[in-house]
Every structure is written in C-alpha cells, then in structure tokens.
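Read the structure below first, then the notes.
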Amino acid sequence: MLQATGGRAGGHLSLSYLGPPTENRPDLALDRRIDLVVRQIPGLADARQMRIQADGLVLADAAGRDIHHWPFSGTDEAEPIAIALDRRLPDIRHVALADDAALHGLHHYPGFFFRTGEVAADQAGRPLKVGVLGHDFKFIDIYLSYLKSVGHSVRFDTWDWAGPQDLVRSREVTAWADVILCEWGLANALWASRQAPPEKPLIVRLHAQEVRGAAQRFGRRIDANQVTQLVFVSETIRQQAVDLYGWPEAITCCVPNFVLPERFELSNWPHSGEGVLTLGLVGMTPASKRLDRALDLVEALQARGCPVRLRVKGRHPDLAGIRDVEQAYYRQVFSRLENSPDLKRAVVFDAWGRDMPEWYRKVDVVLSCSDNESFHYGLADGVLAGCPPVVWPWEGAAETYSADWICASVEDAAERVLSFRSMGAEQVTDMQGANRALVKRRYGREHIFRELTKILSAPFEGAD
C-alpha cells in the first residue's frame, strides 16, 4: 500500500508492505515501512503507480507510463528523507517491488525505517498525535519515521527559517496534535509558545544555531512559561541558552543527536589506497567550519613528505548571499588555493549528496576543524566508517567525544595523522573498534529514540 500527500513544492510517500520471512525468523514476515520526500517534478500530479527497482524508484501514470525515475545515488533531484510534507497529491494506488535487489537499494537512503514485530512490541504508552513544526528536519527525520512505524501519528508544518509558510496549516496541525514538537527553537518555536493551544504540551528541540547571531532574536521572545520541555542536543549549548535567555533550568534537558551505525561498515585501512593519505572534511559553510585549517594541515603534511589529499564534501558558499566578513574569508581561502599549485592539486571538492557511506570509503582520516559545533555529524559518521578522527578543540568536543581525539594545533594534528600512518594493521583495527564503540554507545539510535519518546509521552503518563 502506498499513501501520498503533497502539493506545489513536493510530496510525502509512505510505503508499507510485507516482506518475505527472514532466515533467522522464518515465522515472521517483516512489516516494512518506508517514508520518502520528493520534490516537485513536472507531471507528478498524474502519478498513480510506484515501482521500486534495483537501481531506483519510478513513478508512473495509471497506464504504467514512466513519469520520473530517481536513481539510488543520493542526487539533489530526489530528496528521500523521512519527513512528511502535509500537502495534497492524488492517491497513488499501486506499488510493485521488483526484486530483492530493489530492497537492498533502499539502503542508499537514510530516510527509512523497517518495522519488525520486536520493534513494534517495544512501543510504550498510548499512540500519540505529534505535530512537528520546523524549517529543516534532517536531524530528526528518521526518528519521526520511527514514531510512525510504531503506531504514532505525525503531521508536519513546514516553516521558513524566519517565519511561517502557512499559518492556517500551522493552526490546523497544532489543533490536531496531542503534543507539539518544534524542531529548532526559531520562528516556529516563538509562534508556538505564543499562539499554539496553551493546553497542548510543547517540546522544543534546539541545536547550536539558536544561541548565535541573528537567531537570538527568537530565543529572547520565546515564552518559556508555555514550553513543557526544552531539549538540547549538547550540554554546552544548553548552558549557553540558559545563561543567555534566562530560561528556567527545570524545563531543560540534554538528549544528543542520534547516529545510524548500521549505515557504515569498517574496512581495511587506509581506505583510499594509492599510497596517498586522504583527509576528509564534511561541510565548508559557514566560515566557522574553518576550511583554512584543513588547508594548513595539508601543507604541514606536505612539508613532512607525506603524500596527502583533502576531500571536501558539501555545497560551495554563495558569496552573493553571505555577510561581507564571510565573503572576504572565502575569497582569501580560494585565492590561496589558486596561488599554490601543490595545495590546489591536493584538494578535491565533492558535491553535496546523501552518498556518505560511499564517500567515506574514499577517506582515511576525518577532520573536525570548526570553531564551534554542537555535535558534528560528519565527525561521528566518519568514525563509524572507520576513519581515525582529528579534532580541533571546539567547546564541548572532548566531552561529546574523547579528549584523545583533540589536537591543540596544526602541528599537533599533523603529528597525529603521521602516527596513524605508522600504525600496524592490528593497532588500526583496535582503534577503529574502540572509536566506533564509543559513538555507538553514546549516540546509537535505539538509546536516543527511547529518550526522545519518553519526553513526548511524559505529559500523558497516567492518563486514561
């Protein structure tokens, strides 16, 4: 069964089907549920069928004629993530699963959750109607897919960063919901704290952006008296917000972001081969990601005779749309590259995409060069993929991960990278296993999902 909602900007596809019994559980036919979001495609309104093939997803019209194909490659054209856009799209009534290879292909996408009998039985409390308000769901989408997979209902109200898209929809979603969840404490949380039904529990989940720059104007005006719980992904950010906004600590708590260890597999190290050690940096915007530090490290390793490459994954900065001070920073960085042939040859820019497991197989060492982070997903994912970490001392880094990963300077970072290069295979394997275990133990999705669900369910404990 395939259900769809959508409209002028996109659509939500929620697919449920019974898969074949597994080898270890021949008595159990897995009830699989997959959530995808797709952008607007010409002719999408005519879609009536969906086929899952080995190489991707196909939408077709009622006669079976293909309308659009999304390959399993994580392109911008298809944006399958487990969030629902509460809009309208004509019903798609038929779905076909081509073969087992098609099911395997879905693992290229992070936005799905398989529901088995064991997971469903783990659900606690009554089913909830959860209204979710936010401008960006990338850090919570899979959890919301999980909520639906265990029987809760979820409706989405998509906002812009600084304001609403549709206040009629906002009022409908918050009136429908048992509990309101604001992802990010920005304009959405400001509105919900003042305009949402006051009897509804209001949970606000905050990251790092909320205590910095222009975003502070929202935090200063949020009515904390109407907020049930402020959930921070970092203890450092929690304390900064309490100090900055005077929010009562009694309604604050810390639940970190979650990771998906099963997406990444350890492999022989170094990953990249060719005798060249490859550094990986995920994201170069904003300027606080400090691409210049990664370039410093490349030059320091080159000076020590280490063949090195730097792969930078992410969108390039839009110089026309950022502050003058950031424009100057990026112009200086790119001028530096153009004027240093050795440095330029060593740097590869990879486009943004959802192909992170594949990308990390080209990377040997993952970098976290930032001035500040609340969690840094790129670092956690790199460690899960078996990349030794090199981390600059942003506030909270040692507590979030490990003091052993921190480097005090570029010279210190270069020595750390060279020490990895001199390790034997057994030493590297032991280090990979220990680092991966740390990230999985602290931030594995099972643990974090339970904590978030407890917070959503707490206002209803003991209720009939």
### Query
Under a 4.5 Å cut-off applied to non-hydrogen side-chain atoms, are Leu337 and Val347 in contact?
yes
### Query
Is the backbone N or O of Asp412 less than 3.5 Å from a side-chain atom of Ser409, with the two atoms forming a donor-acceptor pair by type?
yes
### Query
Between the side chains of Thr278 and Arg311, does any donor sit under 3.5 Å from an acceptor?
no
### Message
Do Glu415 and Arg304 have side chains that approach each other closer than 4.5 Å (heavy atoms only, starting at C-beta)?
### Response
yes
### Query
Can you say whether the rings of Phe139 and Tyr377 are parallel (under 30°), tilted (30 to 60°) or perpendicular (over 60°)?
parallel
#### Entry: Beyond-backbone contact of Asp381 with Phe264, side-chain heavy atoms, under 4.5 angstrom
yes
### Query
When rounded to the nearest 0.5 angstrom, what is the spacing between CG in Leu144 and NE2 in His152?
11.5 Å
### Greater than 12 external heavy atoms within 6.0 Å of Gln226's CD
yes
### Query
Would a 4.5 Å heavy-atom cut-off, applied to side chains only, mark Trp184 and Trp161 as touching?
no
### Message
Looking at Ser419, is its backbone amide N or carbonyl O close enough to the side chain of Ser422 to form a donor-acceptor pair, meaning the two atoms are under 3.5 Å apart?
### Response
yes
#### Entry: Asn268 CG: over 12 foreign heavy atoms closer than 6.0 Å
no
### Message
We want to know whether Glu183 and Trp159 form a side-chain donor-acceptor pair, criterion being a heavy-atom distance below 3.5 angstrom.
### Response
no
#### Entry: side chain to side chain contact (heavy atoms under 4.5 Å, CB included) between Thr236 and Ser374, worked out
CA-CA 8 Å; Thr236 300; Ser374 61; over 6 Å; no
### Message
I'd like to know if the side chain of Arg293 and the backbone of Cys369 have a donor-acceptor N/O pair within less than 3.5 Å.
### Response
yes
### Message
Looking at Glu249 and Arg238, is any side-chain nitrogen of the basic one under 4.0 Å from a carboxylate oxygen of the acidic one?
### Response
yes
### Query
Does a side-chain heavy-atom distance below 4.5 Å link Leu291 with Val312?
yes
### Query
Measuring from Gln239:CD to Asp243:CG, what's the distance to the nearest 0.5 Å?
4.5 Å
### Query
Does the side chain of Leu133 come within less than 4.5 Å of Leu181's, by heavy atoms?
no
### Message
Between Asn188 and Cys182, is there a side-chain heavy-atom distance shorter than 4.5 Å?
### Response
yes
### Task
Give the intermediate values and the outcome of salt bridge (Lys or Arg N to Asp or Glu O under 4.0 Å) for residues Arg336 and Glu299.
CA-CA 12 Å; Arg336 176 182 174 186; Glu299 290 185 327; 2.9 Å; yes
### Query
Could Arg290 and Asp371 be called an ion pair, given the rule that one side-chain N must be under 4.0 Å from one carboxylate O?
yes
### Query
With distance as the sole criterion, is a donor-acceptor pair present between the side chains of Asn435 and Tyr401 under 3.5 Å?
no
### Query
How are the rings of Phe420 and Trp269 set relative to one another: parallel (under 30°), tilted (30 to 60°) or perpendicular (over 60°)?
perpendicular
### Message
Would you say the ring centers of His271 and Tyr360 fall short of 6.0 Å from each other?
### Response
no
#### Entry: Derivation and outcome, side chain to side chain contact (heavy atoms under 4.5 Å, CB included), residues Thr429 and Leu266
CA-CA 9 Å; Thr429 299; Leu266 297 179; over 6 Å; no
#### Entry: Test item: side-chain donor near acceptor, Arg205 and Asn257, under 3.5 Å
yes
### Query
Are Ser368 and Trp392 linked by a side-chain donor-acceptor pair shorter than 3.5 Å?
no
### Message
Test your reading of the model: is there a side-chain donor-acceptor pair from Arg345 to the backbone of Arg309, 3.5 Å cut-off?
### Response
no
### Message
Could you check whether any side-chain heavy atom of Val233 comes within less than 4.5 Å of a side-chain heavy atom of Val255, counting everything from C-beta outward?
### Response
no
### Query
Got a donor-acceptor contact below 3.5 angstrom from the Lys313 side chain to the Gly280 backbone?
no
#### Entry: Under 3.5 Å side-chain donor-acceptor pair for Gln216 and Arg220
yes
### Centroid separation Phe218 to Trp191 less than 6.0 Å
no
### Summary
To the nearest 0.5 Å, atom CG of Leu452 lies from atom CZ of Arg450 at 11.5 Å
### Query
Are Phe449 and Tyr143 close enough that their ring centres sit under 6.0 Å apart?
yes
